[in-house]
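What follows is a single structure, written as structure tokens, with notes after it.
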Amino acid sequence: MSDDIEKIFSFYASGSSIFVRKDFLQSSYIPAELPHREGQVKQLAQMLAPSLRLEKPSNIFVYGKPGTGKTAVTLFVGAHLNKTAQEKGIPIKFLYINTGLKKVADTEYRLYAYICRMLGDFVPDTGIPTHTVFERMLHLLESNPAMYLVVLDEIDVLIDKSPDTLYTLSRINSELKNSKLSIIGITNNVNAINSLDSRTKSSLSEEELLFPPYDANQLCDILKERSDACFSPGVLDDSVVMLCAASAAREHGDARRALELLRISAELAERETSLKVLKKHVNTAIGKLYTDKVHTFLKTLPDHQKMVLKSIIELDKPMAYTREIYDKYVETVSKAGLKELTMRRVLDILAEFEAEGIVRTNVISRGRYGRTKIVEFATVDNIKEQVEKLLVNL
DNA sequence: AGTCCACAGGAAGGCTTGGTTA
DNA sequence: TAACCAAGCCTTCCTGTGGACT
Ligand SMILES: Nc1ncnc2c1ncn2[C@@H]1O[C@H](COP(=O)(O)OP(=O)(O)O)[C@@H](O)[C@H]1O
């Protein structure tokens with residue numbers, strides 16, 4: 001027993017563990033090379049280059065599936081642009097904003113507030129009117145004359161929640177004398193932009209940049225590039241890298257997933273004090289990646305959401321109509337001594353589950369017997385069992 | 001050929017929480 | 001202190017609709 005413990009400690013202490021620089025695998029880290037994205041880097045650089053002459057670049061719309069390097073390429077080009085601008089004393093401000101992060105910049109107020117804060121002003125989270133924050137932002141932009149390049153990552157969230165904001169922002173240059181502002185919108189969802197009014201739409205997509213999915217070989221190159229400086233020599237075989245790449249390639253060529261798989265596999269290997277990352281570690285990681293995601297989602301679920309899930313489980317059918325689910329839910333809720341929510345609300349809760357990949361739904365018509373929606377658990381990774389397990393103590 | 005079910009899902013607005021400012 | 005403010009959660013009210021049935 002104590003032998004084992006010593007083995008673990010000495011293994012860590014010797015420094016000969018699996019990782020050399022684990023942070024290189026973190027998704028926030030931007031590598032110096034982006035294999036298979038040379039074209040996009042070059043195109044984006046060309047689109048943004050006019051800013052170095054203080055000419056306003058076109059607004060750019062960047063799209064492609066998740067994990068295809070959109071954010072990485074944009075930040076990469078932005079960093080280089082910043083560097084050049086600084087060296088030559090050109091006033092360019094490259095502002096990266098993720099509008100998809102909840103409670104950060106996902107509403108009109110929060111977006112303006114976020115920009116104000118990046119420009120050095122303090123703005124409270126709430127309490128003051130939105131238009132006041134907007135005016136403060138305008139004032140900051142004007143009193144710090146520059147060419148502003150504003151990246152709106154996951155812009156589809158803003159398109160959905162607050163199209164007016166984008167309309168305002170796309171026309172902001174008419175209110176600016178000393179500064180100019182260009183928008184780079186990034187999204188996983190090409191169709192998102194179509195729900196905007198046509199003026200905003202064409203304004204935001206003056207130029208477009210497409211990121212196609214990576215194939216398995218490309219992912220392999222990316223992983224190798226990233227892992228070179230990351231692992232101790234001899235720890236990682238090509239076959240292991242290939243396995244990660246192949247798995248991620250099946251999930252719309254997602255480089256983020258590939259990197260996470262590799263990291264989790266290596267962490268598993270490290271925990272077992274294995275000297276190499278093995279295929280079995282990858283296979284475990286494939287399961288864990290998904291389980292962990294579902295697990296954190298379910299754990300923090302409010303009561304009513306849990307009751308809805310519980311009701312679906314208790315119906316014990318491969319598929320259920322929303323009406324059945326709701327009736328069961330009302331029963332479940334009253335047993336627990338709570339007041340039930342309306343059907344309308346439960347419908348929205350089900351939609352949230354669908355967005356999280358917990359259930360799949362389908363609207364059908366039963367003709368004479370009206371329209372309804374069919375709900376079933378998503379088939380991947382025995383979600384149903386996971387949900388069941390987490391709800392036992394309810 | 002037309003009816004009409006039973007629900008989907010949009011719109012608007014209320015209530016609550018946690019904040020500001022004068 | 002009173003008067004505002006943003007946003008999340010939820011209800012109320014409502015319009016729209018695919019297709020079995022007549
Ligand atoms: N060509 C590449 N070379 C190295 N790493 C990459 C490459 N493309 C993507 N990545 C990495 O994959 C992860 C996800 O990429 P990201 O740019 O965030 O995808 P997207 O924004 O398209 O969803 C990041 O950690 C990123 O650094």
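The sequence lines fix the lettering, A, B, ..., with proteins before strands; numbering per chain opens at 1.
- Rounded to a whole Å, the CG atom of A:L338 is 12 Å from the P atom of C:dC10.
- Nearest to the side chain of A:R323, among B:dC7, C:dA6, B:dT20, sits B:dC7.
- Remark: A:R136 is not positioned above the aromatic ring of A:F122, lacking an NZ or CZ atom under 6.0 angstrom from the ring centre and at most 45 degrees off the axis.
- The OH-C1' distance, from A:Y321 to B:dC5, rounds to 14 Å in whole Å.
- In this structure, the nucleotide among C:dG18, B:dT20, C:dA7 sitting nearest to the side chain of A:P124 is B:dT20.
- Proximity of A:Y369 to the phosphate of C:dC21: a side-chain N or O atom is located under 4.0 Å from OP1 or OP2.
- Among A:L309, A:V308, A:I349, the single residue meeting the side-chain contact (heavy atoms from CB on, under 4.5 Å) criterion with A:L301 is A:L309.
- The interatomic distance linking A:L347 (CG) with C:dT12 (P) rounds to 15 Å, in whole Å.
- Separating the CG atom of A:D160 from the P atom of B:dG9 is a distance of 14 Å, rounded to the nearest angstrom.
- Each of A:K373 and A:R368 lies near DNA chain B, and the nucleotide nearest A:R368 is the one positioned closer to the 5' end.
- Of all nucleotides listed (B:dG19, C:dG18, C:dG8), C:dG8 comes nearest to the side chain of A:K103.
- A centroid separation of less than 6.0 Å is found between the aromatic rings of A:F61 and A:Y63.
- At a threshold of 4.5 Å between non-hydrogen side-chain atoms, the residues A:T107 and A:S162 do not count as touching.
- At a cut-off of 3.5 angstrom, the base of B:dG10 holds at least one donor-acceptor pair with the side chain of A:R344.
- Contact annotation: side chain of A:R371 to base of C:dT17, donor-acceptor pair present below 3.5 Å.
- A:T322 comes within 4.0 angstrom of the backbone, heavy atoms only, and of no base.
- Atom CD1 of A:I349 is separated from atom P of B:dA8 by 14 Å (rounded to the nearest Å).
- Between A:D125 atom CG and B:dT17 atom C1' there is a gap of 13 Å when expressed in whole angstrom units.
- Ionic pairing of A:R263 and A:E267 is present here: one or more N-O contacts between side-chain nitrogen and carboxylate oxygen are shorter than 4.0 angstrom.
- Checking A:G367 against A:D348, the closest nucleotide of DNA chain B that is more toward the 5' end is the one next to A:G367.
- Regarding A:N362, its CG atom lies at a distance of 13 Å from the C1' atom of B:dA8, rounded to whole Å.
- In this structure, the nucleotide among C:dA7, B:dA6, B:dG9 sitting nearest to the side chain of A:R366 is B:dA6.
- Checked against C:dG19, C:dC5, C:dG8, the side chain of A:P129 finds its nearest nucleotide in C:dC5.
- Atom CZ in A:F134 sits about 18 Å away from atom P in C:dC5, given to the nearest Å.
- Phosphate proximity of C:dT11 to A:T342: present, with a side-chain N or O under 4.0 Å from OP1 or OP2.
- Side chain of A:T126, nearest nucleotide from C:dG18, C:dC10, B:dG19: B:dG19.
- Looking at the side chain of A:Y109, the nearest of the listed nucleotides C:dA7, C:dT11, B:dA8 is C:dA7.
- Using a 4.0 Å cut-off between charged side-chain N and carboxylate O, A:K328 and A:E331 make a salt bridge.
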